[in-house]
Amino acid sequence: MGLIIRTVSTVTGRYVCVEQDDAFSVALAAFSEAVKRYEPERGTFASYAVLVMRSRILTYLEKENRSRELQSLEEMAETGQEPARPESGAAEMREEIDVFAKELESFGLTFEHLAEHAPKHTDTRRRALDIAQRSAQEPALVAETYYKRRLPVRSVALLNKVSEKIVKKSKTFILSALLVFTNDLPLLAGWLHEVKR
């Protein structure tokens, strides 16, 4: 129970009231899901459960925020007020995330998949990003990826002079980063470079 409460508190940044907190209910359901889907090769159960709970809570909070924004806009319209325009940076980031989500979907992936399969160790993450960036600069490999609708593990391994095992371990993360680098998404690409540091 402590792990669930800590995760909710960390993600929401507030005190958790178990009896009245919707985010806690979401986390509890996500914890149950993690128990059912856990496999030892995914790392420790605790870290896996935290990833699943965090992903579900963030999705829930995003829906809640959208719902509140919509209600606010409707109230403003009723009183004849003009809604403020979002900062261009935030709007551009939202646009890039929408494009990225559609790209992921075309490969049968979701943000939940990324959360579940993201490399845990910094070194592994950096190496995966290097592999993705190098692969994104190779038009034939990018074309093969889009044609097969999956990461061509052998081609990626040969290009990057690493074993297929290394590529397979991070294939979902490498594929998603490759999609960012090949789809003219500069804000997301910049964020990935920050993650690499």
Side-chain angles (χ1 to χ4, degrees), residues 7-8 10-14 22-23 26 30 50-120 122 124-151 156 170-197:
T7 303
V8 175
T10 301
V11 173
T12 61
R14 59 180 161 74
D22 289 340
V26 170
V50 167
L51 273 174
V52 175
M53 287 188 288
R54 182 177 167 75
S55 173
R56 299 299 180 269
I57 294 166
L58 289 171
T59 301
Y60 163 76
L61 292 175
E62 190 176 311
K63 283 180 185 171
E64 282 293 297
N65 285 340
R66 268 198 227 127
S67 174
R68 275 193 217 108
E69 284 171 14
L70 188 59
Q71 287 172 348
S72 271
L73 288 173
E74 286 170 356
E75 287 166 9
M76 289 176 86
E78 285 172 13
T79 59
Q81 294 175 307
E82 186 73 28
R85 295 183 180 216
E87 291 179 34
S88 62
E92 287 166 8
M93 179 59 98
R94 168 53 53 202
E95 211 172 283
E96 285 192 17
I97 289 171
D98 288 343
V99 169
F100 182 48
K102 285 177 186 152
E103 280 296 303
L104 286 175
E105 193 180 331
S106 75
F107 282 82
L109 297 173
T110 63
F111 287 116
E112 282 79 12
H113 283 110
L114 299 189
E116 288 171 24
H117 298 288
K120 312 282 182 288
T122 307
T124 309
R125 203 167 37 246
R126 282 181 183 149
R127 181 171 52 198
L129 285 170
D130 285 338
I131 289 170
Q133 194 166 16
R134 204 171 298 119
S135 301
Q137 294 167 355
E138 191 62 43
L141 195 144
V142 173
E144 184 181 359
T145 301
Y146 274 88
Y147 177 75
K148 291 182 173 179
R149 288 287 157 189
R150 62 181 168 78
L151 190 71
V156 170
S170 303
K171 69 180 180 182
T172 303
F173 187 74
I174 293 169
L175 174 59
S176 62
L178 185 144
L179 294 176
V180 168
F181 294 136
T182 57
N183 276 282
D184 190 29
L185 303 172
L187 297 175
L188 286 175
W191 180 79
L192 283 177
H193 288 304
E194 287 299 315
V195 168
K196 217 168 110 173
R197 288 180 184 175

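We count residues from 1, following the sequence as given.
At a threshold of 4.5 Å between non-hydrogen side-chain atoms, the residues Thr124 and Phe173 do not count as touching. Counting only heavy atoms from C-beta outward, the side chains of Arg94 and Ile97 approach each other to under 4.5 Å.
Expressed to the nearest 0.5 Å, how far CZ of Arg149 lies from CD of Glu144 amounts to 13.5 Å. Atom CG in Leu185 sits 8.0 Å away from atom CD in Glu103 (nearest 0.5 Å). The OG1 atom of Thr172 sits 12.5 Å away from the CZ atom of Arg150 when rounded to the nearest 0.5 Å. Atom CG of Leu129 sits about 5.5 Å away from atom CZ of Phe181, to the nearest 0.5 Å. From Lys102, atom NZ reaches atom CG of Leu179 across 14.5 Å, with rounding to the nearest 0.5 Å. Taking NE2 from His117 and CG from Leu175, the interatomic distance works out to 11.5 Å, rounded to the nearest 0.5 Å.
Across Ser135 and Leu141, no two heavy atoms sit closer than the pair CB-CD2, 3.8 Å. The shortest non-hydrogen separation linking Thr182 to Ala136 is CG2-CB, 3.6 Å. Nearest heavy-atom pair, Lys120 versus Glu116, reported as atom, atom and distance to 0.1 Å: NZ-O, 4.0 Å.
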What verdict does the salt bridge (Lys or Arg N to Asp or Glu O under 4.0 Å) test give for Arg126 and Asp130, after you've listed the backbone C-alpha separation in whole Å, the side-chain angles of each residue and the deciding distance to 0.1 Å? CA-CA 6 Å; Arg126 282 181 183 149; Asp130 285 338; over 6 Å; no

For side chain to side chain contact (heavy atoms under 4.5 Å, CB included), just list the numbers for Glu112 and Arg56, CA-CA rounded to whole Å, side-chain angles, deciding distance to a tenth of an Å, and then say yes or no. CA-CA 8 Å; Glu112 282 79 12; Arg56 299 299 180 269; 2.7 Å; yes

Take Thr145 and Phe107 through the side chain to side chain contact (heavy atoms under 4.5 Å, CB included) test and state the conclusion after the steps. CA-CA 10 Å; Thr145 301; Phe107 282 82; 3.9 Å; yes

Working note: Phe111 + Leu58, criterion side chain to side chain contact (heavy atoms under 4.5 Å, CB included); need CA distance, chi angles, decisive distance, verdict. CA-CA 11 Å; Phe111 287 116; Leu58 289 171; over 6 Å; no

The test is side chain to side chain donor-acceptor pair (under 3.5 Å); show your working for Arg54 and Thr7 and say whether it passes. CA-CA 7 Å; Arg54 182 177 167 75; Thr7 303; over 6 Å; no

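Under a 3.5 Å cut-off, the side chain of Glu96 and the backbone N or O of Leu187 do form a donor-acceptor pair. Judged by distance alone, with hydrogens and angles left aside, the side-chain atoms of Arg134 form no donor-acceptor pair with the main-chain N or O of Ile131 at under 3.5 Å. Of the possible donor and acceptor atoms, none in the side chain of Ser55 sits under 3.5 Å from a partner among the backbone N and O of Leu51.
Partner of Val180 under the side-chain contact (heavy atoms from CB on, under 4.5 Å) criterion, out of Val99, Leu188, Leu104: Leu188 alone.
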